[in-house]
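Keep in mind the model is a prediction, meaning the values are calculated, not measured. Order of appearance sets the numbers: ligands from 1, and atoms from 1 within every ligand.
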Amino acid sequence: MNVQGEAFRTIFLADDGWRVTIIDQTVLPHQFQLLHLSSLSDMATAISDMQVRGAPLIGAAASYGMALAMREDTSDTMLANAYNTLLATRPTAVNLHWALNEMKAVLVAIPESQREQLAYQKAAELCDEDVAICSAIGDHGCQLIESLWEKKKQEKQKEKTTSSAQAVNILTHCNAGWLATVDWGTALSPIYKAHNAGIPVHVWVDETRPRNQGFNLTAWELGQHGVPHTIVVDNVGGHLMQHGQVDMCIVGTDRTTRSGDVCNKIGTYLKALAAFDNHIPFYVALPSPTIDWSIRDGVADIPIEERSSREVTHIVGLTKQGNTEEIQIAPDNSAAINYGFDVTPARLITGLITERGVASRGVNNANSKDDADLEQSLGQLFPEKSSNDNLSLNGSLK
Ligand code: MRU
């Protein structure tokens with residue numbers, strides 16, 4: 001996507017052909033800064049400090065982390081060390097496991113002399129694959145937005161008022177835009193495609209405390225692409241929904257169970273509850289590497305990242321002098337806790353927008369609220385993955 005008119009991906013090789021360039025997401029929106037990473041340790045730090053973040057981008061970054069490790073040392077010991085180091089950076093997003101397993105499967109099977117070159121090649125392939133997947137998610141999701149737009153126009157006509165429908169109002173949480181992937185994004189990809197096709201869209205951007213990915217990243221990237229949007233604090237969504245100001249919600253996910261439970265940024269669950277109560281469609285956009293086919297119960301089986309309480313008690317912003325500064329906002333001695341994600345049960349979700357189409361309820365019955373229907377629909381889109389052979393009884397990854 002474009003930054004000041006210039007096309008960018010979130011991760012790519014530097015001009016020297018081996019260092020890995022990323023956009024430092026900890027300094028956006030006030031600075032657009034590229035970083036050139038040259039070691040396994042650089043990449044592990046970039047992921048755990050969230051200079052790169054978002055489930056698909058974490059996977060892509062980890063694959064390049066393996067390539068940087070192979071440039072340092074192609075031995076089996078380094079391979080195992082790189083795998084374990086990168087896996088430990090963030091616990092919730094399953095794309096990290098997926099990308100590392102893809103890399104490992106290629107690298108263990110070949111002689112050490114070929115590992116560096118093949119690691120770079122495979123990492124580049126995984127990035128290209130992510131772009132294609134996210135673009136396809138955008139195409140499928142765009143059709144949903146278009147249908148809502150047509151419906152909204154017809155309803156306005158029936159009202160016989162002189163005013164016309166203004167736009168499809170979409171609420172999103174956190175950042176599941178192109179910054180969270182290699183390009184296009186997941187939840188924002190349908191929005192970009194709809195905007196590009198001339199369908200009027202307006203996005204309600206949840207601030208997403210405590211790291212504020214909504215106003216730091218989502219608002220910034222929507223603004224760069226010219227998509228109308230409004231930032232709201234996290235607690236406003238329910239009020240907007242009660243007053244008919246939200247036509248649909250689209251969010252991303254870090255891990256989705258085979259039954260359609262979705263683990264996404266903390267606060268997503270409350271938005272899904274409010275949407276359910278107000279009969280507003282709640283969609284989750286996801287690339288298939290985000291599906292953990294080995295588990296069914298998201299609340300029981302998905303590890304939830306807990307980050308430093310300092311992210312809650314302090315906030316980073318721009319001073320009048322134009323410097324980025326962290327200030328304390330909580331009392332000195334109050335305890336704080338910082339869970340990164342929560343789980344939205346499948347029963348609250350209208351549909352899962354994947355690269356192969358939309359898994360939705362009502363495979364057998366259009367009015368069904370049965371979770372099994374969402375699982376069945378997802379399984380029909382990915383028959384090669386959904387066999388029970390992939391299901392683990394203890395919830396661990398196979
Ligand atoms: O902690 P983050 O910023 O990595 O969390 C990101 C999210 O929760 C996104 O919604 C999710 O990764 C989907 S990204 C396409």
Listing, residues 275-286 side-chain donor-acceptor contacts under 3.5 Å, not counting sequence neighbours, or none:
unit_1, atom_1, unit_2, atom_2, d
N278, ND2, A274, O, 2.8

* **Charged N-O contact under 4.0 Å between E155 and K158** =>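 Looking at E155 and K158, the cut-off is not met.
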* To do: Answer yes when D128 and R9 have at least one side-chain N-carboxylate O distance shorter than 4.0 Å, and no when they do not.
  =>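 Judged by the 4.0 Å cut-off on N to carboxylate O distance, D128 and R9 do form a salt bridge.
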Which protein N or O atoms sit under 3.5 Å from any N or O of ligand 1? Give each pair with its distance.
unit_1, atom_1, unit_2, atom_2, d
ligand 1, 1 (O), R90, NH2, 2.8
ligand 1, 1 (O), K265, NZ, 2.7
ligand 1, 3 (O), R53, NE, 2.9
ligand 1, 3 (O), R53, NH2, 3.1
ligand 1, 3 (O), Q213, NE2, 2.9
ligand 1, 4 (O), G54, N, 2.9
ligand 1, 4 (O), R90, NH1, 2.8
ligand 1, 8 (O), D254, OD1, 3.1
ligand 1, 8 (O), N264, OD1, 3.1
ligand 1, 8 (O), K265, N, 3.4
ligand 1, 10 (O), N264, OD1, 2.6
ligand 1, 12 (O), A55, N, 2.9
ligand 1, 12 (O), D254, OD1, 2.8
ligand 1, 12 (O), D254, OD2, 3.4

* Keeping to residues at least two apart or across chains, list the side-chain hydrogen bond (donor to acceptor under 3.5 Å, both in side chains) pairs with something in residues 47-62. =>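 Output for this query lists Q25-R53, R53-N175.
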* Mind checking what makes ring-ring contact (aromatic ring centres under 6.0 Å, His included) contact with H202, not counting sequence neighbours? ->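 Residues passing ring-ring contact (aromatic ring centres under 6.0 Å, His included) with H202: W204.
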* Taking the six-membered ring for Trp, are W178 and W220 parallel (under 30°), tilted (30 to 60°) or perpendicular (over 60°)? ->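 The rings of W178 and W220 sit tilted, inter-plane angle from 30° to 60°.
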